[in-house]
Amino acid sequence: MKYDGKTVYSSGEIAELLGFDDYHRVSNYLSKIGAKNVTKKGNTRYYSEKTKETVITYFKALEHKGSGESKKDQLIEELRTQLRTAQKESVDKLAEQKREYDSRLAEQKESYERLISSKDDDISNLKDTVTNLRKQQDIANDQIKELTTVTKQAQSLNLADKSPEQIKMLKGDAETKPERSDSNEKVDDSIKKPPKKHWWQFGK
């Protein structure tokens, strides 16, 4: 069976490779050494190529009783093989975990850098906007000052061209006009009405 692009083996398939009719011998051994399956389909567990080789090595070693090695020596060698296999698998697994961790860390770092860069751009733009607004405000203030100065100068020149009487009339025009109008009316009345004659003047 293929899993993640690699061939994996069930305990039954390993037993067939060893020529065993009973796959429980393989299952019991796998359970004894604490072998971990790489995947599972239904109730069937599948093991890696390395685990398969470990099982085959173990049972082949038991078959060679006449090789000059005792059963105890064979078991010791098998345990050493299993230990080396387990250590290699652990190292490979840790290396894979480290690669995944480094990849996630790099992605997070890149994301944070993009965020910081974006914030720096926003802050820079805001600073530029504030600076421009201040410059515009300063220009407006200067224009207002110049306009105020020009207005005062124009008023001064306008007053300088007038006589004191005209200045006085301009300042108090609203107050003096009604009084002047009343006096004119009195004068007109005195001109229009003839003077009264006394009784001794009628013969004249």
Side-chain angles (χ1 to χ4, degrees), residues 1-8 36-42 45-50 86-204:
M1 175 180 172
K2 292 287 185 180
Y3 176 75
D4 198 18
K6 297 179 182 179
T7 304
V8 292
K36 293 186 178 180
N37 57 289
V38 294
T39 186
K40 184 179 179 182
K41 188 174 181 181
R45 300 175 186 273
Y46 291 86
Y47 300 88
S48 66
E49 179 77 22
K50 294 176 183 178
Q87 287 175 339
K88 189 175 186 309
E89 289 179 350
S90 296
V91 170
D92 292 342
K93 186 175 182 180
L94 288 173
E96 179 63 24
Q97 289 176 345
K98 185 178 183 302
R99 284 192 294 270
E100 292 178 357
Y101 174 79
D102 290 342
S103 177
R104 289 197 299 269
L105 186 62
E107 290 177 358
Q108 290 179 351
K109 182 180 178 182
E110 184 179 355
S111 176
Y112 290 150
E113 287 176 349
R114 286 198 301 268
L115 180 61
I116 291 171
S117 177
S118 175
K119 293 297 182 184
D120 289 342
D121 291 341
D122 291 342
I123 292 172
S124 178
N125 291 334
L126 287 174
K127 287 182 178 178
D128 292 341
T129 301
V130 171
T131 301
N132 291 332
L133 288 174
R134 285 177 177 172
K135 288 181 179 178
Q136 293 175 8
Q137 183 65 40
D138 291 339
I139 292 172
N141 290 338
D142 291 340
Q143 291 176 345
I144 291 171
K145 288 180 181 178
E146 290 178 2
L147 181 60
T148 302
T149 302
V150 170
T151 303
K152 288 182 178 179
Q153 289 175 350
Q155 290 176 348
S156 299
L157 291 173
N158 188 31
L159 291 175
D161 292 338
K162 297 183 181 298
S163 64
E165 291 77 7
Q166 289 175 326
I167 295 173
K168 186 175 181 181
M169 288 176 64
L170 288 172
K171 289 182 178 179
D173 186 60
E175 298 176 358
T176 56
K177 277 185 177 179
E179 293 179 358
R180 189 179 298 113
S181 177
D182 292 343
S183 62
N184 289 337
E185 288 178 1
K186 291 179 180 178
V187 172
D188 292 342
D189 290 340
S190 62
I191 293 173
K192 292 177 181 179
K193 294 179 180 180
K196 292 182 179 181
K197 291 185 177 184
H198 297 283
W199 59 272
W200 61 83
Q201 293 177 333
F202 284 111
K204 294 182 181 181

>> Any carboxylate oxygen within less than 4.0 angstrom of a Lys/Arg side-chain nitrogen, looking at Glu96 and Arg99?
In response: yes

> Is a salt bridge present between Arg114 and Glu110, judged by a nitrogen-to-oxygen distance below 4.0 Å?
Replying inline: yes

>> As an exercise, state the distance from NZ of Lys41 to CE of Met1, rounded to the nearest 0.5 Å.
In response: 5.0 Å

> Quick one: OH on Tyr47 to NZ on Lys40, what's the gap to the nearest 0.5 Å?
Replying inline: 9.5 Å

> If every non-hydrogen atom of Tyr46 is compared with every non-hydrogen atom of Val8, which pair is closest and at what distance?
Replying inline: CB-CG2, 3.7 Å

>> Just to verify, what does Lys50 make a side chain to side chain donor-acceptor pair (under 3.5 Å) with, not counting sequence neighbours?
In response: Asp92

> CG/Leu133 to CG/Asp128 distance, rounded to the nearest 0.5 angstrom?
Replying inline: 11.0 Å

> To the nearest 0.5 Å, how far apart are CD1 in Ile139 and CD in Gln136?
Replying inline: 7.0 Å

>> Let me confirm one number: the CG-CD distance from Asp120 to Glu113, rounded to the nearest 0.5 Å.
In response: 11.5 Å

> Which is it for Gln137 and Asn141 under the side chain to side chain donor-acceptor pair (under 3.5 Å) test, yes or no, and what are the steps along the way?
Replying inline: CA-CA 6 Å; Gln137 183 65 40; Asn141 290 338; 3.2 Å; yes

> Side chains of Lys119 and Leu115: does their closest heavy-atom pair fall under 4.5 Å?
Replying inline: yes

> Any donor-acceptor pair under 3.5 Å linking the side chain of Thr148 with the backbone of Ile144?
Replying inline: yes

> How long is the span from the CG atom in Asp138 to the CG atom in Asp142, to the nearest 0.5 Å?
Replying inline: 6.5 Å

